[in-house]
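Below is one structure, written out as structure tokens, with a few remarks after it.
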2 protein chains.
Amino acid sequence: MNNLATLQRIETAPDDWTERQRQVLDATLSLLIENAANITMIGVARRASCSKETLYKWFGDRDGLLVATVRYQASKVKVEPFDAEGMSEAKLTSVLLGFATDLLTILTGEISIALNRLAIAQAHQGADGINMGSIVLQNGRFSTGPRLKPALEAGMKAGLLRQSDSEDAFRSFYGLVVRDVHIRVLLGDTMMFTENEISTEADRAVQQFFHLYGA
Amino acid sequence: MNNLATLQRIETAPDDWTERQRQVLDATLSLLIENAANITMIGVARRASCSKETLYKWFGDRDGLLVATVRYQASKVKVEPFDAEGMSEAKLTSVLLGFATDLLTILTGEISIALNRLAIAQAHQGADGINMGSIVLQNGRFSTGPRLKPALEAGMKAGLLRQSDSEDAFRSFYGLVVRDVHIRVLLGDTMMFTENEISTEADRAVQQFFHLYGA
DNA sequence: CAATCGCAGTACCGTACGGTACGGTACGCG
DNA sequence: CGCGTACCGTACCGTACGGTACTGCGATTG
């Protein structure tokens, strides 16, 4: 990951799109969901009822539009801050459950699937600068980790969890939550996922995690 | 997964390629590894030192060539049979360790990454029949599961593992082994993976699995 | 009202690629 | 030798798409 500097630079560039521009990005997203592979400029223009010239003016080129779309979507997910003070077993459990539920809900959602497909498809051909894979990684996996870590560390401090590397603990938790779900949905396996099933899966993962890392 | 019938039909069609045809498929693979996205017929023809006409004659069309390549690669991985008789703790541990090591080695290998990228990229647009996602799923995730299950069930029978659904146990084991590795490498995260690191990861996963499912 | 701006719509261009056709060559066989 | 077969190399065609330029229209501003 030598793109951290690049990503920082991008991060500082504000995503202050106008309403109309957000409409265009939403149109791109909807098209992406329908078929992430065959996305064309004329297709986006038609869907958004705008001209190709406008697309090029606003986003530079095709890649710019796609990157903007990915980052726009990323900017839509809110991260609610979390206070690590006064950690109790009930609270830790609730935080873990919420995290697992959110993660499964997002990963199996059509938007996440479409964007991951897009990013994976061209993760290798990042000849010139920005490649979408790192952006998705940053806003996906690499943003969820640091978000949960404080809770894990607070849990260790409070004697609820065994002392261990919190990064490693998080990765194991991630594995217990996601298992083979992500790769299966990405490859087109149409797994049914009701709210109930996700909740059950989250429960299981949290229980297993406490088995492994509980004090 | 309504493609099982389709896959069966494909499975019965023999992959008895000639030596020359295998050379072409290997050339396709090598090109796929370099850049899974920009693969063209003329590119393959040049790399394989054959004519486009021959490609079309042998593989029908571009999709046929890609599918043949995926299935050709799948046919290369040997599955060594496994006898579930006389299961001991040492043997079960060894089987699990071997499985975990193989899985991590394959998933982080460039061939697997290239093929998964290709399959994921167009997993959604399977307008006409065969989509590569299901093929990769069948030869990847869905072939490893049934391969390990007998060992898990023998372990349960021998009282080494808690009684539980072997599919569920396998999926948890899979999660503990793979964690976030697969999605990260697919998205272009260049994780270093030496043999030693893989071995360490496999050890950890097996230990954790016994913690969760050991009797 | 006139000048300007933003943008939709569309025509246009260059190129890349999938797919086809054809010429040329090597080889096997009667 | 003549014929067929297999195949390489390449020219060719149609199309799709990225990107650019131009036109027209409605809104804004002075």
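So that the names make sense, note that chain A is the first sequence line, chain B the second, and so on, each numbered from 1. Reckoned from all heavy atoms, side chains included, excluding hydrogens, waters and symmetry mates.
At a cut-off of 3.5 Å, with distance as the only test, a side-chain donor of A:S134 or A:N131 sits close to an acceptor on the other residue.
Protein chain B contacts DNA chain C over a range whose 5' and 3' limits, counting nucleotides with an atom under 4.0 angstrom from a non-hydrogen atom, are C:dC17 to C:dC22.
A salt bridge links A:R47 with A:E34: the distance from a Lys NZ or Arg NE/NH1/NH2 to an Asp or Glu carboxylate oxygen falls below 4.0 Å. Ion pairing between A:D165 and A:K149 fails under the 4.0 Å rule for side-chain N and carboxylate O. We find that A:R179 and B:D168 are joined by a salt bridge, their nearest charged nitrogen and carboxylate oxygen being less than 4.0 Å apart.
Here A:I39 lies in heavy-atom contact (under 4.0 Å) with sugar-phosphate atoms only.
Between the side chain of A:S172 and the backbone N or O of A:A169, no donor-acceptor pair lies under 3.5 Å.
Residues A:I42 and A:W58 both approach DNA chain C. Their nearest nucleotides, taken by heavy-atom distance, put A:W58 toward the 5′ side.
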